[in-house]
Number of protein chains: 4
Amino acid sequence: MSDQEKLIEQLFDSEDDLTEKQKKIIIAAIESFAEKGYASTSTSEIAKKAGVAEGTIFRHYKTKKDLLLFIVAPMMAKLLAPFVIKDLNKVLNQKYDRFEDFLRAMIENRLKFLNNNMDLFKILIQEIPFQPELKEQFKEHIVLKVYDRFKQIVEHYQEKGQIIDLPPTRVIRMAASSIFGYLIARNLIFPEVDWDDETEIEETIRFIMHGLSPKR
Amino acid sequence: MSDQEKLIEQLFDSEDDLTEKQKKIIIAAIESFAEKGYASTSTSEIAKKAGVAEGTIFRHYKTKKDLLLFIVAPMMAKLLAPFVIKDLNKVLNQKYDRFEDFLRAMIENRLKFLNNNMDLFKILIQEIPFQPELKEQFKEHIVLKVYDRFKQIVEHYQEKGQIIDLPPTRVIRMAASSIFGYLIARNLIFPEVDWDDETEIEETIRFIMHGLSPKR
Amino acid sequence: MSDQEKLIEQLFDSEDDLTEKQKKIIIAAIESFAEKGYASTSTSEIAKKAGVAEGTIFRHYKTKKDLLLFIVAPMMAKLLAPFVIKDLNKVLNQKYDRFEDFLRAMIENRLKFLNNNMDLFKILIQEIPFQPELKEQFKEHIVLKVYDRFKQIVEHYQEKGQIIDLPPTRVIRMAASSIFGYLIARNLIFPEVDWDDETEIEETIRFIMHGLSPKR
Amino acid sequence: MSDQEKLIEQLFDSEDDLTEKQKKIIIAAIESFAEKGYASTSTSEIAKKAGVAEGTIFRHYKTKKDLLLFIVAPMMAKLLAPFVIKDLNKVLNQKYDRFEDFLRAMIENRLKFLNNNMDLFKILIQEIPFQPELKEQFKEHIVLKVYDRFKQIVEHYQEKGQIIDLPPTRVIRMAASSIFGYLIARNLIFPEVDWDDETEIEETIRFIMHGLSPKR
DNA sequence: TATGAATGAGGATTCATTCAT
DNA sequence: TATGAATGAATCCTCATTCAT
């Protein structure tokens with residue numbers, strides 16, 4: 001629980017005024033939503049697990065859906081935050097000469113984040129298809145903001161001749177597929193396997209780099 | 001509808017005795033489950049959409065979950081069928097000299113299948129995490145049967161020196177990630193984009209082949 | 001109960017297909033609404049009193065308010081029906097030479113109706129101020145249709161010199177006040193008093209007639 | 001608001017110690033009760049409208065019903081006060097030779113009061129049927145006190161030969177019906193009409209006087 | 001076989017009321 | 001005195017499931 005709590009604080013730090021009860025509700029909700037799905041989780045169940053009265057939930061979140069959004073929206077924001085910083089290019093130029101290094105840095109950073117917040121990530125991908133608000137947020141964040149950044153990055157390294165000269169969309173998709181493929185295999189499909197993260201990540205980077213190497 | 005019907009017939013041919021009403025129920029259920037999720041779809045809604053009485057659904061499928069399983073289980077079986085045929089190796093030896101050709105054949109075949117049954121695929125991946133029966137079926141089919149086949153195939157081409165000498169698990173994951181990444185991007189995330197299937201598939205294959213090419 | 005049932009059948013005859021359960025629900029609802037008010041009556045209470053499951057109520061009437069409207073709307077229609085018949089004037093010319101006779105006929109007829117349906121009338125006047133749908137129906141029926149008829153009638157007897165030459169609106173209000181005053185006193189304020197209907201009505205008519213007699 | 005406040009002060013002057021907050025609560029409650037009915041108004045709504053915390057309401061009025069009674073009871077008292085004064089007969093002998101003058105004085109006085117307190121009057125007549133406490137107060141005040149006075153008055157003018165020799169109950173009912181009929185038509189049924197109070201009142205008096213004139 | 005009325009447990013939500021601050 | 005978070009019973013309503021026809 002103390003682990004969970006830290007994560008919660010991290011994720012919801014913007015609104016520092018989270019009551020003890022609010023935290024409990026959120027922790028309980030995340031746990032239940034991840035385990036049984038949003039629609040199959042009853043508010044009474046969350047209340048029981050959180051050790052509060054059912055009414056308390058509705059005092060803080062007008063509806064069950066509000067609770068979901070309150071939980072999931074910051075997750076999306078935090079997840080994508082690093083890609084939305086300004087002057088990303090400058091940072092890149094100075095920091096990562098090679099695409100591979102950029103890739104490694106990003107994977108390590110974001111993968112750690114996701115591994116630590118797997119329940120939230122699970123809720124996110126489960127509910128995006130069914131919650132128009134989330135879908136919209138997702139499109140807006142991903143498509144408009146993050147994609148733009150990635151495109152610049154890809155073009156940057158393409159100009160440097162480090163990666164193959166394909167439409168950035170495609171390049172991004174391929175890299176992203178490989179990364180998320182690992183994330184999902186590791187956490188959702190075979191969580192019981194004893195993964196050697198370091199090796200897997202290195203190999204995934206190698207796979208992507210070879211796959212994207214400029215034509216010989 | 002006639003399209004849908006054909007697919008239904010294909011998928012459920014094993015039990016040839018599907019009533020007209022049963023078909024309608026299944027079509028309606030697939031549509032609704034895919035659109036709103038299993039838990040958020042009511043049986044009365046399915047009945048209305050199918051044009052039958054509520055009781056009729058329960059005459060054919062004892063519970064709502066039975067209906068789900070009846071829909072999803074054959075899907076999984078059909079999807080994986082080609083990989084479960086005996087003597088796959090022999091076939092391979094004779095048919096596909098190159099891993100790339102095998103890959104291409106498989107992608108074309110299975111991707112077409114999935115594209116045609118996207119609603120079902122959506123239900124499948126949405127519900128596997130929440131339905132123990134499905135999870136079990138999935139593990140059994142995938143892990144025990146399909147993985148074994150794939151392992152043999154990968155080892156076969158590794159012996160031939162066509163692909164890199166990594167643990168087959170990892171090889172399979174990487175290839176699978178790339179393929180499913182395309183499938184999901186195309187159908188679920190950006191269905192509105194006008195995809196050039198042929199090119200995308202060719203490029204995906206190229207990506208995988210380069211990524212998996214033996215070290216120089 | 002059998003009395004009640006007859007009334008119910010009379011009032012809701014248009015839709016002859018009222019189930020046994022539906023009738024029970026309506027009778028229970030009328031009783032409770034009249035006794036405690038619409039807002040203070042719970043659906044579970046109605047269900048219990050009607051001897052049906054709570055769900056049954058909602059199978060027949062989508063919402064609690066629908067139930068109210070289903071009960072109250074026909075009441076309003078039936079109450080006003082006699083005044084909406086065409087050729088009322090002709091009827092009058094032939095039938096009632098004197099305003100007094102018209103008044104007597106009307107009071108006897110409508111007052112009997114209201115006395116028999118006091119619960120419904122109570123619900124009607126209690127809820128009209130709070131239910132926009134009812135308010136609208138009321139205005140439409142009363143103001144547009146019934147008032148028009150009454151106006152014609154009043155003018156008819158004014159031309160004959162039988163009643164005072166005041167704006168019909170005012171004439172109608174005065175007559176109506178006296179009649180409803182009696183109705184309300186008799187049934188709502190002092191229901192325990194042993195009223196001599198015949199005398200009271202005769203006296204009320206006398207009061208109205210004198211009050212409306214043309215100036216000497 | 002200042003209008004409202006004055007009225008409040010007038011009505012609740014007996015307990016001079018009304019806090020600013022208490023006044024706000026009462027004003028808010030009157031407004032909401034009149035608009036949506038007692039049962040359909042939530043205490044949180046009143047609190048919000050009054051700009052106080054929910055708890056504050058319950059600090060001053062133990063229950064929601066207490067609040068209602070605190071609002072409605074003084075209304076009833078004030079409304080009826082003039083009729084409860086002692087030595088009414090003396091007053092009458094000296095002041096009003098004619099029943100008509102008495103009627104006019106009373107209507108003008110009480111009707112003005114009611115017109116100014118229509119919200120309260122609305123709440124009163126809406127809730128009397130459902131609140132036993134109010135019903136009892138009403139019966140006690142009206143039946144025991146006011147009716148007695150009115151009876152004396154009626155008999156007084158009957159002795160003088162000014163009004164018809166009918167049971168006072170009936171006489172009172174008829175006059176009251178006409179007066180309340182006007183009040184209700186004017187304020188509740190057709191508030192949007194531009195009423196000419198003076199004429200209407202004069203005509204109402206005329207109607208009553210004629211209706212109650214001794215037999216010729 | 002098919003129906004759809006009936007069920008009643010369970011769902012989300014509201015609400016009057018309490019109580020620690 | 002005033003607050004407003006917390007409560008949990010009660011509310012309206014939904015839903016999967018049953019069963020007589």
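Hydrogens, waters and symmetry mates are skipped; everything else that's a heavy atom, side chains included, is used. No experiment lies behind these values; they were computed from the predicted model shown. Throughout, a chain's letter reflects where its sequence line sits, starting with A, and its residues are numbered from 1.
By the 4.5 Å heavy-atom criterion applied to side chains, D:Phe130 and D:Lys135 are not counted as neighbours. Within the 4.5 Å cutoff, the side chain of C:Lys122 has no heavy atoms near those of the C:Phe33 side chain.
Per the geometry, CZ belonging to A:Phe58 stands 5 Å off C1' belonging to E:dT13, to the nearest Å. Residue D:Ile46 contributes atom CD1, which lies 17 Å from atom P of E:dT14 at whole-angstrom precision. At whole-Å resolution of the value, NZ in C:Lys64 and P in E:dT13 are 19 Å apart. In this structure, C:Lys48 atom NZ and E:dA9 atom P are separated by 13 Å, rounded to whole Å.
Side-chain atoms of C:Thr43 and C:Glu54 include a donor-acceptor pair closer than 3.5 Å.
Ranked by how close their nearest DNA chain F nucleotide is to the 5' end, D:His60 and B:Lys62 are led by D:His60. The nearest heavy atom of DNA chain E to B:Glu54 and to C:Val52 marks one nucleotide each, and the one closer to the 5' end goes with B:Glu54. Residue order along DNA chain F, read from the 5' end via each residue's closest nucleotide, puts A:Thr56 first among C:Ala39 and A:Thr56. The nearest heavy atom of DNA chain E to A:Ser44 and to D:Thr63 marks one nucleotide each, and the one closer to the 5' end goes with A:Ser44.
Cation-pi geometry between C:Lys64 and C:Phe58 is not met at under 6.0 angstrom from the ring centre and within 45 degrees of the axis.
For the salt bridge (charged side-chain N to carboxylate O under 4.0 Å, His left out) test, residues two or more places apart in sequence or in another chain that qualify with B:Lys49 are B:Glu31.
For C:Glu136, the CD atom counts as loosely surrounded, since its 6.0 Å shell holds 12 or fewer non-hydrogen atoms of other residues, nucleotides or ligands. Annotation for B:Lys139: atom NZ counts as buried by contact number, over 12 foreign heavy atoms lying within 6.0 Å.
With values rounded to the nearest 0.5 angstrom, D:Lys65 atom NZ is found 9.0 Å from D:Leu134 atom CG. A distance of 11.5 Å separates CG in D:Asp119 from CD1 in D:Ile27, rounded to the nearest 0.5 Å.
Considering only side-chain N and O atoms, A:Thr43 lies under 4.0 angstrom from the phosphate OP1 or OP2 of E:dA12.
On the nucleic acid side, DNA chain F has its first and last nucleotide under 4.0 Å of a heavy atom of chain B at F:dC15 to F:dT18, going 5' to 3'.
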Bracket string, DNA chain F, 5' to 3' - pairs by Watson-Crick or G-U geometry under 3.5 Å, | interstrand: .||||||||||||||||||||
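Counting non-hydrogen atoms under 4.0 angstrom, A:Ser40 reaches nothing in the nucleic acid.
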